[in-house]
Amino acid sequence: PTILLSMAPSKAVNFEKVTKCIFSVVQRLLVPSSKPVSQREFQFLFQDVFSLTNARPKSLSRELHTALKQFATDHMQSVSKTLAEDGSDTFLKAYRDSFVEHYECCTHISSAFSHLDNEVRSWRDSAVTFGRPQHHELPVFDLFMQHWNMYVFETLKDRVVAACLTELKRHRDGQAANLFVVHGVLESLIKMASHAASPAAAYIEAFESQCLADTLSYYEVESQHIFSTMDVSSCMVHILKRLEEEARRDRESLPLISLQKVRARCEEVLIVDNCERLVAEFKGYIDRLQVEDLKHTHQLLKRPGLLQPLVGIFSDHIVATGQSKLDALDKPFQAAPFADCVIALYQQYHHLVVNAFDSDALFSEALDKSCEAIVNRRPTPTTRCVAAELLAKVCDATLKKSSKGLTDDEIEARLSEFISVFQYIHDKDVFQKFYSKQLAKRLIHGASVSEEAERYMISRLKDKCGFEYTAKLQRMFNDVRLSSDINSAFSASLGQSLRLGFNVLVLQTGSWPLAASTSTTLTLPHGMAAAIESFTLFYNQKHTGRRLTWLYYLSNGDIKAKIGKRSFEFSATTYQMAVLLLFNDQDHMTTAEVLAATGMSQRDVDRTLHSLVTCHLLKPAEPEAYDKTVSLAPETRFNLNLKYNSKKKKVKISAAVTKETAAESSQTHKAVNDDRKMFLQAVTVRVMKMRKNMSYNILIKEVIDMSSSRFKPTIPNIKKCIEDLIDKGYMQRLEDDRSQLVYIA
């Protein structure tokens with residue numbers, strides 16, 4: 001209500017008469033069933049309080065405060081007596097309703113006594129300022145709350161607390177209970193102590209400690225009962241249900257400060273005390289892949305310190321299962337079965353981590369470490385790990401045009417699966433070496449299933465290993481694109497002077513894993529030789545300081561032929577073309593004559609002649625003596641098959657199978673080891689150049705950390721690189737401390 005009050009100095013007042021009027025109105029405010037207080041009466045109440053606190057010649061504030069305390073005492077004792085006489089089942093509700101009414105009325109009374117509250121605060125402030133004895137008088141609202149605590153709650157405490165605990169137990173037993181009333185009563189224990197330094201202290205002492213003890217004993221009995229009458233799987237379902245019920249019950253009945261404490265007691269009895277039983281059953285659930293039971297176990301033990309045993313069991317199970325499945329594969333490992341086995345293993349347990357363990361970081365990490373151990377497994381310490389090489393081969397098979405039956409989306413999905421395996425490989429540099437060799441063959445022979453698929457794979461590798469890892473692969477694509485422009489310019493410069501179609505790929509030596517030494521000398525037929533000479537002249541005019549090396553073993557072309565009355569178009573390698581063109585002038589030749597005419601090596605002549613016999617273009621003069629598994633004798637004669645026939649007009653002559661041999665694979669691994677040596681030396685110099693002075697052991701640790709994204713270097717190899725760099729003068733040991741290394745600029 002709006003109160004208009006004159007602030008003129010007050011005259012002397014009759015204390016007894018005024019306080020009688022004041023307490024008459026206050027009594028009616030505290031007892032809602034009595035005659036309501038009108039706005040005018042409330043205004044007079046405010047004025048009476050003001051007149052006493054501002055009385056002349058002396059303020060009567062202290063006398064009013066003392067009288068108010070006595071009034072509050074008498075009223076609270078009356079309320080306590082009334083509640084104590086209530087012997088019905090609705091006692092708890094009556095207590096709660098009485099406090100709610102009391103709390104609301106005290107709010108109104110406090111506003112009417114605002115001038116007295118100002119006086120009380122001034123007493124405290126002056127005591128602090130002038131060093132007087134501390135006053136402990138309370139504002140009006142706090143005074144009435146304190147007296148409720150002293151004369152109502154303390155008198156009925158045992159009965160109130162027992163009634164609240166009884167209601168909670170009834171609800172736990174599945175019986176009807178008024179949690180709303182319980183919540184109101186317990187909140188009142190905190191509100192009535194709002195004036196105290198720790199308002200919740202009375203609640204904690206009177207109720208919470210007993211509630212926690214009752215909770216502990218209640219669930220101890222229930223825990224013993226369920227584990228003695230149910231299997232562990234059923235117990236977990238029951239515990240999860242009980243925890244959910246308890247959490248909902250606590251939210252509806254208890255103050256916030258007790259929620260975590262009660263839940264902790266429940267978990268202590270139902271989960272922590274039975275942890276060993278749950279862990280003991282976990283291995284069986286993993287072996288049988290019982291997702292629901294695994295999910296329940298994880299939900300129950302997802303607490304600090306309880307999950308570690310489960311993570312260890314999970315990790316050991318994956319490693320054992322993976323090794324068992326790999327041991328069941330044919331030896332030596334084939335690329336596709338190996339990759340499919342690892343992918344299936346990863347997907348199976350990744351699905352388990354997501355669905356049973358809610359993508360828990362600990363289980364995800366365990367899955368990663370387990371797959372890493374499986375993929376990089378070495379039967380013996382000296383055995384080479386084949387995972388990187390096999391994964392590169394299966395990627396090559398997927399990205400080749402020969403991988404039929406897969407849509408673009410399916411190819412991308414398959415490549416994503418390979419990347420999930422790739423991330424676990426230690427020897428990423430080995431994968432890079434084999435992958436780049438196979439990519440080179442696909443690009444040169446136009447055998448890629450699509451450029452989009454190739455670029456998608458490179459982008460995924462870049463995401464995992466960074467730009468530097470895929471830089472050479474990107475440059476290979478750039479060379480193919482630039483070669484198209486070079487061929488267009490070459491064709492434009494010649495016009496129609498060339499009598500044959502001619503297309504060249506100009507590849508940077510540093511970007512492509514191609515060995516020039518693999519090629520042999522080859523005496524080309526006149527038309528082909530003229531085209532090469534023209535292109536070499538054209539390129540040298542455009543680019544000074546560059547030298548072209550022709551790799552005939554990677555070249556191919558189309559050649560037209562008329563055999564008998566039919567015309568054919570053969571797609572052949574350069575070696576096959578060179579040999580076939582020799583039969584323009586004669587129908588038969590010996591191995592020695594082919595060697596002399598082409599200048600090829602014996603090995604290349606053998607492979608080429610065998611491939612032409614296989615496709616029936618040539619026939620050995622003595623079929624019974626012909627053996628394609630051995631090197632051809634110089635006198636072995638081959639005749640052109642003048643009766644050659646084919647249903648197709650355009651025929652691709654199959655080249656001799658050139659699968660990578662064990663020797664070539666070993667050569668690739670040797671190249672990787674050489675690269676590693678140079679990489680370790682470069683990293684070591686980079687670290688020393690930045691730090692200038694380092695401990696020997698710290699340098700080794702830094703080199704390991706910087707190399708781990710490409711491969712896992714061994715400490716002996718790092719030590720050897722350090723010694724080599726010391727010998728080369730890049731660094732030296734300190735004379736007075738041999739464990740310290742100093743960089744030499």
Side-chain angles (χ1 to χ4, degrees), residues 3 15-16 18-32 34 37 41-42 44-55 59-83 95-128 132-157 160 185 187-203 205-206:
I3 299 174
F15 180 78
E16 296 295 335
V18 173
T19 52
K20 183 177 180 180
C21 294
I22 289 174
F23 293 141
S24 173
V25 176
V26 171
Q27 180 67 26
R28 288 164 59 195
L29 285 171
L30 288 171
V31 183
S34 60
V37 177
E41 288 175 312
F42 192 85
F44 283 136
L45 173 62
F46 192 93
Q47 290 175 340
D48 289 341
V49 173
F50 178 81
S51 65
L52 291 177
T53 57
N54 292 274
S59 171
L60 299 175
S61 299
R62 293 187 184 277
E63 290 78 357
L64 177 59
H65 195 275
T66 301
L68 188 61
K69 283 197 289 185
Q70 185 58 48
F71 173 84
T73 300
D74 296 340
H75 176 75
M76 296 309 166
Q77 288 176 341
S78 173
V79 172
S80 176
K81 181 179 179 181
T82 302
L83 289 173
Y95 179 92
R96 181 255 179 196
D97 293 343
S98 181
F99 178 83
V100 170
E101 293 172 355
H102 177 75
Y103 189 86
E104 292 175 354
C105 292
C106 288
T107 304
H108 297 306
I109 295 171
S110 177
S111 65
F113 281 79
S114 59
H115 285 286
L116 181 59
D117 285 344
N118 291 337
E119 289 294 310
V120 172
R121 283 191 285 270
S122 69
W123 300 341
R124 292 184 176 183
D125 294 342
S126 63
V128 172
R132 296 171 183 168
Q134 184 68 41
H135 281 264
H136 298 286
E137 306 297 347
L138 296 174
V140 174
F141 181 85
D142 293 342
L143 176 67
F144 275 85
M145 290 296 107
Q146 181 194 54
H147 279 61
W148 178 279
N149 185 5
M150 293 168 57
Y151 297 104
V152 179
F153 176 69
E154 285 297 328
T155 304
L156 304 170
K157 177 170 65 176
V160 170
V185 171
E187 286 290 339
S188 75
L189 303 188
I190 298 175
K191 289 179 178 179
M192 72 182 185
S194 58
H195 61 281
S198 177
Y203 160 77
E205 179 183 354

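For the numbers below, each heavy atom of this structure counts, side chains included, while hydrogens, waters and symmetry mates do not.
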Centroid-centroid under 6.0 Å between W148 and F141 rings: no

May I have the step-by-step check of side-chain contact (heavy atoms from CB on, under 4.5 Å) for F42 and V25, ending in yes or no? CA-CA 8 Å; F42 192 85; V25 176; 5.7 Å; no

I'd like to know if the side chain of D142 reaches the main chain of S194, judged simply by a donor and an acceptor atom lying under 3.5 Å from each other, with no hydrogens or angles considered. no

Quick check against the 3.5 Å criterion: does S122 have a side-chain atom that pairs as donor or acceptor with the backbone of E119? yes

Hey, what do you get for NZ (K157) to CG (N149), rounding to the nearest 0.5 Å? 9.0 Å

Hey, does the side chain of T73 reach the backbone of K69 with a donor-acceptor pair shorter than 3.5 angstrom? yes

I'd like to know if the side chain of H65 and the backbone of S61 have a donor-acceptor N/O pair within less than 3.5 Å. no

I'd like to know if the side chain of Q70 pairs up with that of D74 as donor and acceptor (distance under 3.5 Å, no hydrogens or angles considered). yes

For E154, look at atom CD and say whether over 12 heavy atoms of other residues, nucleotides or ligands are found less than 6.0 Å away. yes

Validation row: I109, L30 side chains within 4.5 angstrom (heavy atoms): yes

Are any of the side-chain heavy atoms of V37 and L45 separated by less than 4.5 Å? no

Less than 4.0 angstrom from a charged side-chain N to a carboxylate O is my criterion; do E137 and R62 meet it? no

Please tell me if the side chains of F99 and V152 come closer than 4.5 Å, counting only heavy atoms from C-beta onward. no

First locate atom CE of M192, then atom CE of M150, and finally report the distance between them rounded to the nearest 0.5 Å. 11.5 Å

Cation over ring, K191 on Y103, under 6.0 Å and within 45°? yes

Check: S110 side chain, T107 main-chain N or O, donor-acceptor pair, under 3.5 Å: no

Backbone N/O of T53 and side chain of S59: donor-acceptor pair under 3.5 Å: yes

Are F46 and S114 packed together at the side-chain level, in the sense that at least one heavy-atom pair is separated by less than 4.5 angstrom? yes

For L189 and A202, work out which heavy atoms get closest and say how close. O-CB, 4.4 Å

Rounded to the nearest 0.5 Å, what separates atom CZ in R121 from atom CG in L116? 9.5 Å

Between Q146 and L143, is a side-chain contact (heavy atoms from CB on, under 4.5 Å) present by the stated rule, with each step listed? CA-CA 5 Å; Q146 181 194 54; L143 176 67; 4.2 Å; yes

For the residue pair F71 and H75, categorise the inter-ring angle as parallel (less than 30°), tilted (30 to 60°) or perpendicular (more than 60°). parallel

If only atom types and distance count, is the side chain of T155 paired as donor or acceptor with the main-chain N or O of Y151 below 3.5 Å? yes

Quick one: CZ on R28 to CD on E41, what's the gap to the nearest 0.5 Å? 4.0 Å

Atom pair CG (L138) and CZ (F144), whose distance is rounded to the nearest 0.5 Å: 12.0 Å

Do S188 side-chain atoms and V185 backbone N/O form a donor-acceptor pair below 3.5 Å? yes

Say you draw a straight line from CZ of R96 to CD of E101; how long is it, rounded to the nearest 0.5 Å? 9.5 Å

Quick one, C106 with H102, criterion side-chain contact (heavy atoms from CB on, under 4.5 Å). Give me CA distance, side-chain angles, the key distance, then yes/no. CA-CA 6 Å; C106 288; H102 177 75; 3.5 Å; yes

A side-chain contact here means heavy atoms from C-beta on lying under 4.5 Å apart; do L64 and I22 qualify? yes

